[in-house]
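Everything numeric in this text was worked out from a predicted model, so none of it was measured. Residue numbers start at 1 and run along the sequence shown. Atoms considered below: every heavy atom in the structure, side chains included; atoms not considered: hydrogens, waters and symmetry mates.
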Amino acid sequence: MSAAVEEATADAEIGEDPIEGLKRLPMFRGLTESEMEGVAKVAEVVRIPQDRVIPRAGDDEEPAYFFLARGQVAFAEFERGKVPEPPKNLKRRITPVMQVAHKVVSLFDVGEFFTNEHVESARGGDGEKYDLGLFTCNHIIAIKLKKSALDTVLAD
């Protein structure tokens, strides 16, 4: 495990202040204080429980970047129409998403980032068409930056 990953995972919790989370991520450490404050103004600390599908950008969800400060997220193929919906009863145990996924295509770890702006479906290695989705392998804490807001900050 790299020193950056160890440092980011060493502290069990990250508060609600995005600057606190951004400072833990190696890709933001080179920013000046004013640049960090500019990014933090449009950033949001998000916590997503284990076995949740991260909504894909579209009608109800803006395109965004998620920078992982804790946890892991997988990008996977699912049989058509089988991407799990959020649980209706949070007290009931749900089937682990890993068991529903046909194949994990990629895994994102602490210090890495992903976007919710991915294709909806694609052909797998077996020639079949699959739905694609991102899901949490365990509880995650991420810094979420909406693409439009980050584009504005970077333009300044």
Side-chain angles (χ1 to χ4, degrees), residues 1-78 82-87 94 96-98 100-124 130-156:
M1 188 182 296
S2 74
V5 171
E6 286 177 15
E7 183 178 328
T9 58
D11 192 16
E13 277 301 319
I14 292 174
E16 296 303 317
D17 183 5
I19 287 182
E20 183 183 334
L22 290 168
K23 286 182 178 177
R24 293 169 194 248
L25 299 168
M27 66 186 72
F28 292 101
R29 289 194 185 134
L31 297 180
T32 65
E33 190 173 318
S34 65
E35 290 169 332
M36 182 74 76
E37 288 173 3
V39 172
K41 284 180 185 175
V42 298
E44 173 187 3
V45 176
V46 295
R47 291 168 169 72
I48 305 173
Q50 180 176 346
D51 289 321
R52 297 300 193 276
V53 172
I54 296 169
R56 192 173 70 78
D59 296 334
D60 296 333
E61 192 70 28
E62 273 191 67
Y65 299 104
F66 293 79
F67 296 84
L68 280 172
R70 181 176 181 200
Q72 291 181 319
V73 170
F75 184 59
E77 295 175 347
F78 296 87
K82 301 270 176 135
V83 177
E85 295 290 326
I94 61 172
V97 177
M98 182 71 77
V100 179
H102 172 259
K103 176 183 176 183
V104 171
V105 178
S106 185
L107 187 66
F108 301 95
D109 210 342
V110 171
E112 298 177 333
F113 74 96
F114 60 90
T115 179
N116 64 348
E117 195 173 32
H118 57 81
V119 295
E120 188 173 351
S121 62
R123 294 211 184 279
Y130 292 97
D131 290 339
L132 299 172
L134 292 156
F135 70 91
T136 57
C137 300
N138 46 30
H139 172 79
I140 70 160
I141 299 174
I143 308 302
K144 180 180 178 181
L145 294 163
K146 291 181 181 171
K147 187 176 186 278
S148 60
L150 184 59
D151 289 346
T152 301
V153 169
L154 294 175
D156 291 340

Looking only at heavy atoms, the pair that brings P63 and E117 closest together is CG-OE2, 3.6 Å
P55: which residues meet the side chain to side chain contact (heavy atoms under 4.5 Å, CB included) condition with it, sequence neighbours left out? E61
For Y65, which residues count as a ring-ring contact (aromatic ring centres under 6.0 Å, His included) partner, sequence neighbours excluded? none
Inter- and intrachain pairs under ring-ring contact (aromatic ring centres under 6.0 Å, His included), touching residues 131-156, at least two apart: none
Return the CG to CD distance between N138 and Q50, rounded to the nearest 0.5 Å. 6.0 Å
Salt bridge (charged side-chain N to carboxylate O under 4.0 Å, His left out) filter on D131, not counting sequence neighbours, yields R80
So which heavy atom on E16 is nearest to which on V45, and how close? O-CG2, 3.7 Å
Minimum heavy-atom separation for I14 to A69, with atom names? CD1-CB, 3.2 Å
Here the ring-ring contact (aromatic ring centres under 6.0 Å, His included) pairs for residues 32-62, sequence neighbours left out, are none
Going by side chain to side chain contact (heavy atoms under 4.5 Å, CB included), name the residues that satisfy it together with T32, two or more places apart in sequence or in a different chain. S34, E35
Heavy atoms of V104 and A74 approach each other most closely as CG1-CB, 4.0 Å
Grab the two heavy atoms, one from I19 and one from E37, that are nearest each other, plus how far apart they are. CD1-CG, 4.1 Å
Side-chain (R29) to main-chain (K23) donor-acceptor, under 3.5 angstrom: yes
Suppose we screen for salt bridge (charged side-chain N to carboxylate O under 4.0 Å, His left out). Which residues come up paired with K103, at least two apart in sequence or across chains? none
So do the side chains of V42 and T152 get within less than 4.5 Å of each other, counting heavy atoms only? no
Which value, rounded to the nearest 0.5 Å, describes the distance between I143 atom CD1 and L22 atom CG? 5.0 Å
Among residues at least two apart in sequence or on other chains, which ones pass side chain to side chain donor-acceptor pair (under 3.5 Å) with H102? E77, Y130
Less than 4.0 angstrom from a charged side-chain N to a carboxylate O is my criterion; do R24 and E20 meet it? yes
Heavy-atom closest pair, residues C137 and L107: SG-CD1, 3.7 Å
Across all chains, not counting sequence neighbours, the side chain to side chain contact (heavy atoms under 4.5 Å, CB included) partners of R52 are I48, P49, P87, L90, I94, T136
Sole candidate of D151, L150, L145 that passes side-chain contact (heavy atoms from CB on, under 4.5 Å) when paired with K147: D151
Residue set satisfying side chain to side chain donor-acceptor pair (under 3.5 Å) with K146, at least two apart, ordered chain then number -> none
Return the set of residues passing side chain to side chain contact (heavy atoms under 4.5 Å, CB included) with A122 (not counting sequence neighbours), or none when no residue passes. L132
F75 vs H118 aromatic rings, parallel, tilted or perpendicular, using cut-offs 30° and 60°? perpendicular
Any donor and acceptor pair, going by atom type alone, linking the side chain of D109 with main-chain N or O of Q72 inside 3.5 Å? no
Does a side-chain heavy-atom distance below 4.5 Å link L134 with F108? yes
V46 and F66: side-chain contact (heavy atoms from CB on, under 4.5 Å), yes or no, with the steps? CA-CA 9 Å; V46 295; F66 293 79; 4.2 Å; yes
ring-ring contact (aromatic ring centres under 6.0 Å, His included) involving F67 - partner list, sequence neighbours excluded: F28, F113
